[in-house]
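Worksheet for the structure shown next.
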Amino acid sequence: MKEHIAELIESALKTLVENEVLSPDVQPRIMVENTRDKSHGDFASNVALTLAKPAKRNPRELAQMITEALPESAQLDRTEIAGPGFINFFMNQASTAAVVEQVLTQGAAFGLVEKKSDEKVQVEFVSANPTGPLHVGHGRGAAYGATVSDLLEAAGVNVDREYYVNDAGRQMNILATSVWLRYLEKCGQELIFPCNGYKGAYIHDIAAELHAEHGDKFNRPATEVFADIPDDEPFGGDKEIHIDALIDRANAMLGEADYRIVFDAGLDSILTDIRDDLGEFGVNYQNWFSERSLTSSGDVDRAIETLTEKGFIYKDENDGNLWFRSTDFGDDKDRVVKRANGQTTYFASDIAYHMNKFERGYDKVINIWGADHHGYITRVKAAIQALGYDPERLVVRLVQFAILYRGEERLAMSTRSGSFVTLRELRDEVGSDACRFFYVTRKAEQHMDFDLELAKSESKDNPVYYIQYAHARVCSVMRKLDEAGWTWDKDAGLANLDRLETEHEKDLITKLSKYPDVLKNSGLSHEPHMLANYLKELASDFHTYYNAHKMLIDDAELRNARVTLSEAARQVIANGLQLLGVSAPEHM
RNA sequence: GCGCCCGUAGCUCAACCGGAUAGAGCAACGGCCUUCUAAGCCGUAGGCUGCAGGUUCGAGUCCUGCCGGGCGUGCCA
């Protein structure tokens, strides 16, 4: 519809150019906007304001000339000039009402872009270290990433969702060692658990499973395990040195193969848990990409070689490290990619990972990161550019943390201490639907306070129920219709849409007509909260309408028209909720 | 110190590419169930958009400088 009006204006401007009112070299960007106030019509354009200066005319006068030059349109009722020179467009009722038929004909597909683009986009999100269950901070990234992916798909883009599994590195070794120590306890050993180890209850569970499966196979005397290990922090030592020594000891005493078994027991168990957790949250992936595979496939070495060939890698003779010259691309300092001892850094893996993404043929790669990663953007983009790819093809969206409160008390979240609130606990408390919705109601870059007490005590007031209730109400009307011995005659309803003359009905229809536009903007700008807010407004319009007018009335024409409109509203609510990963119940 | 994000009603947040009188929900107050689900509706009240300048027909939105908050500034992952 906006396009239609833009065409009308364009044609009018052409006429003005022919009449030499406007100079042909003025190339205006024609903007058609939704009006905020319905007294301003359905759509408005500010062309006259923007053209006033180059045309050397006063805006209202110009607006007058433009409206006079507008071609006839079957869909327009009238235009008005208002304020400083806005042109307001009023649609006629028949053309707005046509959206109702469109909704019912297209059903679940209403609002979706029918033509698939050739563009291939990858969205990578969550990617939390598999060292423990997901906590509430990850939940926001999960809900946001999943919804952005679904919205892009709705906009006709081919989307792959990916989870980057950090299954290499020191943290994973700390996890493996933590599992082993708990396992030793299961074997009856007594030991003092390192303060830097993972202390969550899930480590005990993994250790118990390991023991159930392998018996005492990995058992070693605790005295030998801790022999000559430097003191832990509570005993005056350094906790990092202490845990590293224990990792080395675990490797040495178990041998590579058995250490791997313990390591994988932890990794597999946690990864399975994360996968299940996300699955129950309605978040699914096409790929789970292993960091370790980048090393075994040689991609890490190949990435470093490529950068070396291009001259962006140098060796510091003092420390013996290989450095990537990221300062050439605006970074604050150069970054180490390979240590003197031959170990590659996490950053090296990340370079290889992004190289790998582009080699897989993605036109655009969207990374959804926690806000704590923002310092990382520059160096990753630097690496992409150095590899010869356009850094614009990487889009990073930062998601601010959800800060958890229990009443006034701010909850600390630490995976290591095991005192965090998990996503699963949160879902159990407030439900997946409410979580999914709540997480995307705010802009991603906006800080979010999540008060558990409030979420629990006022769960009935959660906006998600408000929207679901509107959906359930329509379903209820349909049931009552049936009980009253009537049937819904859709064709009669569509034929009598002109009977819907009240303001409430017109407002509702207008709201429905905005849905495709909202969907498109929401998806392309990666801002799902726009859709969430729209659904709240749509539900509100419906509730208002429902309370003001009875649908199940004797007048068959009006009854069918109203039920038809309600069905269209239900359909759009269902479509929107579907995209947000929220259910649309028929009963509440 | 430097970099990024944020600052809007008592609280939590909106405001589409700079548009017209800055909007919702919660909390507060007052109404509406004999009637399709009251998890709802209607109404009242609540604002110097952190402060000060600038850009222009027009600024919550863009620019500069302050103030306040968050995060980052590892050869960690």
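Each chain gets a letter, A, B and so on, in the order the sequences are listed, and its residues count up from 1. Just so you know, these numbers come straight off a predicted model, no measurement behind them.
- The separation between A/Asp554 atom CG and B/C36 atom C1' is 13 Å, rounded to whole Å.
- The same atom, P, is picked in B/U55 and in B/U12; the two are 35 Å apart, to the nearest Å.
- Here B/U37 is the nucleotide among B/U37, B/G3, B/C16 with the atom lying nearest to any side-chain atom of A/Met588.
- For RNA chain B, if you chain together Watson-Crick or G-U pairs that step i with j, i+1 with j-1 and so on, the runs of at least three with distances under 3.5 Å are B:1-7 with B:67-73, B:10-13 with B:23-26, B:28-32 with B:40-44, B:50-54 with B:62-66.
- Looking at A/Glu80 and A/Arg78, a side-chain N of the basic residue comes within less than 4.0 Å of a carboxylate O on the acidic one, giving a salt bridge.
- Between A/His40 and B/A20, a base-stacking contact is recorded: ring centres under 5.5 Å apart, planes less than 30° from parallel.
- Between A/Leu49 atom CG and B/C57 atom C1' there is a gap of 7 Å when expressed in whole angstrom units.
- When heavy atoms are screened at a 4.0 angstrom cut-off, A/Ala470 is found touching no nucleic acid atom at all.
- Going from the C1' atom of B/U8 to that of B/G68 covers 15 Å, rounded to whole Å.
- Residue A/Asp244 is classed as having no contact, given no heavy-atom separation below 4.0 Å to the nucleic acid.
- For RNA chain B, the neighbouring residues in residues 526-535 of chain A, judged by any heavy atom under 4.0 Å, are A/His529, A/Asn533.
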Margin query: Between A/Asn367 and A/Val395, is the side chain to side chain contact (heavy atoms under 4.5 Å, CB included) condition met? List the steps.
Written below: CA-CA 6 Å; A/Asn367 290 355; A/Val395 174; over 6 Å; no

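- Checked against B/A38, B/G3, B/C41, the side chain of A/His374 finds its nearest nucleotide in B/G3.
- Ring planes of A/Phe347 and A/Phe324: tilted class, angle from 30 to 60°.
- At a threshold of 4.0 Å, the pair A/Asp507-A/Lys511 does not count as salt-bridged, since none of the basic side-chain nitrogens sits closer than that to a carboxylate oxygen.
- Minimum atom distance to the side chain of A/Tyr469 is reached by B/A38, of the listed B/G19, B/A20, B/A38.
- Straight-line distance between the P atoms of B/G18 and B/U64: roughly 16 Å, to the nearest whole Å.
- Not one side-chain nitrogen or oxygen of A/Arg36 sits closer than 4.0 Å to the OP1 or OP2 atom of B/U21.
- Minimum atom distance to the side chain of A/Asn46 is reached by B/G19, of the listed B/G40, B/C36, B/G19.
- Between A/Arg335 and B/G74, a side-chain N or O to OP1/OP2 separation shorter than 4.0 Å is absent.
- Salt-bridge formation is detected for the pair A/Arg292/A/Asp264: a Lys NZ or Arg NE/NH1/NH2 atom is positioned less than 4.0 Å from an Asp or Glu carboxylate oxygen.
- At least one side-chain nitrogen or oxygen of A/Arg339 sits closer than 4.0 Å to the OP1 or OP2 atom of B/C76.
- RNA chain B is contacted by both A/Thr35 and A/Val336; A/Thr35 maps to the nucleotide lying nearer its 5′ end (nearest heavy atom per residue).
- Taking atom P on both nucleotides, B/C36 is separated from B/G10 by 40 Å, rounded to a whole Å.
- Here A/Phe347 lies out of heavy-atom contact (under 4.0 Å) with every strand.
- Taking atom C1' on both B/G25 and B/A52, the two are 33 Å apart, rounded to the nearest angstrom.
- Cation-pi contact between A/Arg397 and A/Trp369: absent, since separation from the ring centre below 6.0 Å together with deviation from the ring axis within 45° is not met.
- Comparing B/A24 with B/G43, their P atoms are spaced 10 Å from each other, to the whole Å.
- Picking from B/C17, B/A38, B/A77 the nucleotide with the shortest atom distance to the side chain of A/Met31 gives B/C17.
- Annotated as anti: B/C29, whose glycosidic dihedral deviates from 0 by more than 90°.
- Rounded to whole Å, the separation between the P atoms of B/U49 and B/U21 comes to 14 Å.
- Neither OP1 nor OP2 of B/C13 sits under 4.0 Å from any side-chain N or O of A/Lys443.
- Phosphate proximity of B/U37 to A/Ser476: present, with a side-chain N or O under 4.0 Å from OP1 or OP2.
- Taking the C1' atoms as reference points, B/C6 lies 36 Å from B/C42, given to the whole Å.
- Applying the 4.0 Å criterion to OP1 and OP2 of B/C75, one finds that A/Lys333 has a side-chain N or O inside that range.
- In this structure, A/Arg325 forms no cation-pi arrangement with A/Phe329, as its terminal cationic atom is not both closer than 6.0 Å to the ring centre and no more than 45° off the ring axis.
- Contacts between residues 318-326 of chain A and RNA chain B, defined by a heavy-atom separation below 4.0 Å, involve A/Asp319, A/Asn321, listed by number.
- When heavy atoms are screened at a 4.0 angstrom cut-off, A/Asn129 is found touching the sugar-phosphate backbone but no base atom.
- Screening residues 469-482 of chain A for salt bridge (charged side-chain N to carboxylate O under 4.0 Å, His left out), with sequence neighbours left out, gives A/Lys480-A/Glu483.
- Ring-centre distance between A/Tyr466 and A/His543: below the 6.0 Å cut-off.
- The aromatic rings of A/Phe542 and A/Tyr546 sit tilted, their planes meeting at an angle between 30° and 60°.
- A/Ala82 comes within 4.0 angstrom of a nucleotide base, judged by non-hydrogen atoms across all strands.
- Side-chain proximity of A/Arg479 to B/G19, B/A77, B/U37: nearest is B/U37.
- For A/Tyr353, the ring-ring contact (aromatic ring centres under 6.0 Å, His included) test picks out A/Tyr164, A/Phe289, with sequence neighbours left out.
- Looking at the side chain of A/Asn88, the nearest of the listed nucleotides B/U37, B/A20, B/C76 is B/A20.
- Scanning residues 536-551 of chain A for heavy-atom distances under 4.0 Å to RNA chain B yields A/His543, A/Thr544, A/Tyr546, A/Asn547, A/His549, A/Lys550, A/Met551.
- Around NZ of A/Lys2, the count of heavy atoms belonging to other residues, nucleotides or ligands within 6.0 Å exceeds 12.
- Ion pairing of A/Lys490 with A/Glu567 is absent here, as no side-chain N (NZ or NE/NH1/NH2) approaches a carboxylate O to less than 4.0 Å.
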